[in-house]
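So that the names make sense, note that chain A is the first sequence line, chain B the second, and so on, each numbered from 1. What you are looking at is a predicted structure, and each value in this text was computed from that prediction instead of being measured.
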2 protein chains.
Amino acid sequence: MKPKAPTMADVAAAAGVSTMTVSRALKPDTSVSEKTRTKIQEAADALGYVLDSSAANLSSRKTGFVAVTIPSINNSNFADTLRGIVDTLRGTDLQVLLGYTDYSKDEEERLIEQFLRRRPEAIVVTGGAHTERCRRLIGNSGVPVVETWDLPEMPLGDVVGFSNAAAGRLMVEHFIEQGYGKIGFIGGDTSRDTRGLDRRRGFVAALEANGLAADRLVATGPPPITMREGALSMRRMLDRWPDTEAVMCVSDQAAFGAMTEAQRAGLKVPQDIAVAGFGADALSEHAIPAITTVDVSCEEIGVRTATVLLRALGLAEGTLAPESKVTPRLIARDSTTNAARRSS
Amino acid sequence: MKPKAPTMADVAAAAGVSTMTVSRALKPDTSVSEKTRTKIQEAADALGYVLDSSAANLSSRKTGFVAVTIPSINNSNFADTLRGIVDTLRGTDLQVLLGYTDYSKDEEERLIEQFLRRRPEAIVVTGGAHTERCRRLIGNSGVPVVETWDLPEMPLGDVVGFSNAAAGRLMVEHFIEQGYGKIGFIGGDTSRDTRGLDRRRGFVAALEANGLAADRLVATGPPPITMREGALSMRRMLDRWPDTEAVMCVSDQAAFGAMTEAQRAGLKVPQDIAVAGFGADALSEHAIPAITTVDVSCEEIGVRTATVLLRALGLAEGTLAPESKVTPRLIARDSTTNAARRSS
DNA sequence: AGTGATGATGTTATCGGTAACATAAACTGG
DNA sequence: CCAGTTTATGTTACCGATAACATCATCACT
């Protein structure tokens, strides 16, 4: 049934050359005469030969792997970043080895350990919070690292991210500008989603800096924060603080869940309550009303990350690394426009 | 800077044993005395030793890779299936090698070719449409394959999927039951998204079987079909056939875009026009009104796929393979409830 | 024609593990 | 207490490619 896959030696024999010549013929930019290259190509096709990377990796000490960990697959923001990475890497012979941590540092450690055995040429992780052992593993590996989606205090290597706290602050400023005073936050489990927590921290700090109460905080369960979580949290928010005027949510998904829950309860958005999200998902644009959100250029983070890596690996020319800091940008939409309320 | 990573030989020397004993000590279920195992473990930790899979793969002819291709990362349905696969594989020493085809058969071929070099132990592809060369490559590899999300006429190996045509038919029957007569479809580029096309085909066939006109078809651009595409398509639908009573969309995302566009145009859903989607995304549940959709148990597809593979690889006991056919299930919601219209 | 540069190909020695077999030590039961 | 088995460990021979160096022909130009 399975008559053993042909090896390079088989191809070499069939073409009447040495394996070294076959090896060369199968790569671009190597000196092999057109004639023999054709001959070898034909022999390879006839045999159905497929190169064995394991062997190539071992011999050349290059695997072509880039290890990437993201918290969740089912999150369009991280998916956008991943897409940015993969698309930028397309064309090079680098391949992404993807793992998702489920927002757990221990799981991240497990993944990184597993990945390091594959001898990746570069590592991309999400966020700046890691277990001590994980930091050590990555450090020892001597492989270029990029931390994304955050601005870690003790970076492991390169960073392409943004200040999550700034994103929270940005929204508070917007709310205040719009004249809202009783402002709440939905999202942020205490231990896992450190980035969401940072946004909440920035949010709280900004409220306090403006002399406003920062107690209307509804912590959702552990991530991923779903629309349902957003909806449940909004219900809790309204039960506990019925006079809340504006709510920022940890993600656009949560914001949508929260907003529709409020609407189902008979509230008008933004007249009765304003809702904002984070992430600039398409959802926020199409929802009715359109949801105010913070854009952090998820895909761009991926593109820059990959670019940084290509530079670090000497695979892309240019001395200037791309700007590593992404600036969160507020997109004001109808869900937080207070004009209606004021005029009514 | 990089003093070369320690090898198994280094660990063996440090622990005063042979490399073979080290190799055994690092795997479970191998006979090594507790004492030496501890000694080796300590030596390995002290040296910061990390096993090199490339070498292990070459020698043992096992890579632990499962190659998986999905059309798009940014699609929550495929992401769910992927999660089902990854989660089910967790615990085994199999690792997913993920690629996305961008709905292109040529890209799929390119990916599969790239993946085969890594000598995966199993392959998972989405759908049953592949290039001839791709079929050949997979066939020659002698590796177990699972095709998902479809019921191919000429399967390459195992199948875990559903009839996309049936999903389209299901929705038509629901529309008819609700008393709708002028029914349209949004989505389906002619060449790329074959599954979306199958849904449309089933949809058209069912309309005709019921003696209804099946001409209200708005083809979106090439996938991925975004909310924006859904919105644009709805506008075209309404321009061309203003009296349309119900519309099925190729995905929930498209349906949401289409529905909100109709609402922005002043139409009431479902009173003025009914909208339905596909995929049972959380979005459809939370939207206002909640959107009628077809549930195909995306995650379950992934779980079953992984289970089939584990069986095929002899890594899971049990002779009975899981049912490979998933039955699309209609979830009727407010967006297609005609009661309001009839009563008005 | 001679000499060095260039291009095409072959030879040899690994890369870092593991399978398979061999061996030595410890244990079993009558 | 010994033959027979089990357990722990070592030896040897690769797995399938590629790096590095060697070789040999060809070509250009003085």
Proximity to the side chain of [X] - top-ranked nucleotide from [options]:
X	options	result
Thr7(B)	dT18(C), dG10(C), dG17(C)	dG17(C)
Leu58(A)	dC15(C), dG17(C), dA19(D)	dC15(C)
Val17(B)	dA17(D), dG10(D), dG16(C)	dG10(D)
Tyr49(B)	dA20(C), dA17(D), dG17(C)	dG17(C)
Ser59(A)	dG17(C), dA17(D), dA8(C)	dA17(D)
Ser23(B)	dT11(D), dT11(C), dT18(C)	dT18(C)

Distance only, no hydrogens: is a donor on one side chain within 3.5 Å (strictly under) of an acceptor on the other, for [X] and [Y]?
X	Y	value
Thr101(B)	Ser104(B)	no
Asp87(A)	Tyr100(B)	yes
Asn57(B)	Arg119(B)	no

Given [N], is OP1 or OP2 found less than 4.0 Å from the side-chain N or O atoms of [X]?
X	N	result
Arg61(A)	dA17(D)	no
Ser54(B)	dG16(C)	no
Ser18(A)	dG10(C)	yes
Thr21(B)	dG10(D)	yes
Lys27(B)	dT18(C)	yes
Thr36(B)	dA8(D)	no

Q) When only distance counts, do a donor and an acceptor, one from the side chain of Arg24(A) and one from the base of dG10(C), lie under 3.5 Å apart? A) yes
Q: Would you kindly check whether a donor in the side chain of Ser60(B) faces an acceptor in the base of dT18(C), or vice versa, at under 3.5 angstrom?
A: no
Separation of [N] [atom2] from [X] [atom1] (nearest whole Å):
X	N	atom1	atom2	answer
Arg37(B)	dT7(D)	CZ	C1'	13 Å
Lys62(B)	dG17(C)	NZ	P	19 Å
Met8(B)	dT14(C)	CE	P	20 Å
Glu34(A)	dT9(C)	CD	P	10 Å
Met20(A)	dT9(C)	CE	C1'	10 Å
Asp10(B)	dC15(C)	CG	C1'	14 Å
Asp52(A)	dG16(D)	CG	C1'	6 Å
Asn57(B)	dC15(C)	CG	C1'	13 Å

Q: Would you indicate whether Lys62(B), at its atom NZ, is surrounded by more than 12 heavy atoms from other residues, nucleotides or ligands within a distance under 6.0 Å?
A: no
Q: Given side-chain hydrogen bond (donor to acceptor under 3.5 Å, both in side chains), test Glu109(A) with His130(A) step by step and report yes or no.
A: CA-CA 8 Å; Glu109(A) 177 186 313; His130(A) 318 285; over 6 Å; no
Q.
Applying side chain to side chain contact (heavy atoms under 4.5 Å, CB included) to Val66(A) and Leu309(A), what does each step give before you reach the verdict?
A. CA-CA 9 Å; Val66(A) 174; Leu309(A) 287 181; 4.0 Å; yes
(Q) Using five pairs at each end of the helix from dA1(C)-dT30(D) to dG30(C)-dC1(D) to define an axis, what is the angle between those two axes, to 10°? (A) 20°
Q.
Would you say that Gln114(A) contacts Asp93(B) through its side chain, given a criterion of any heavy-atom pair below 4.5 Å between the two side chains?
A. no
Q: Compare every heavy atom of Leu111(B) with every heavy atom of Gly99(B), then report the nearest pair and how far apart it is.
A: C-CD1, 3.7 Å
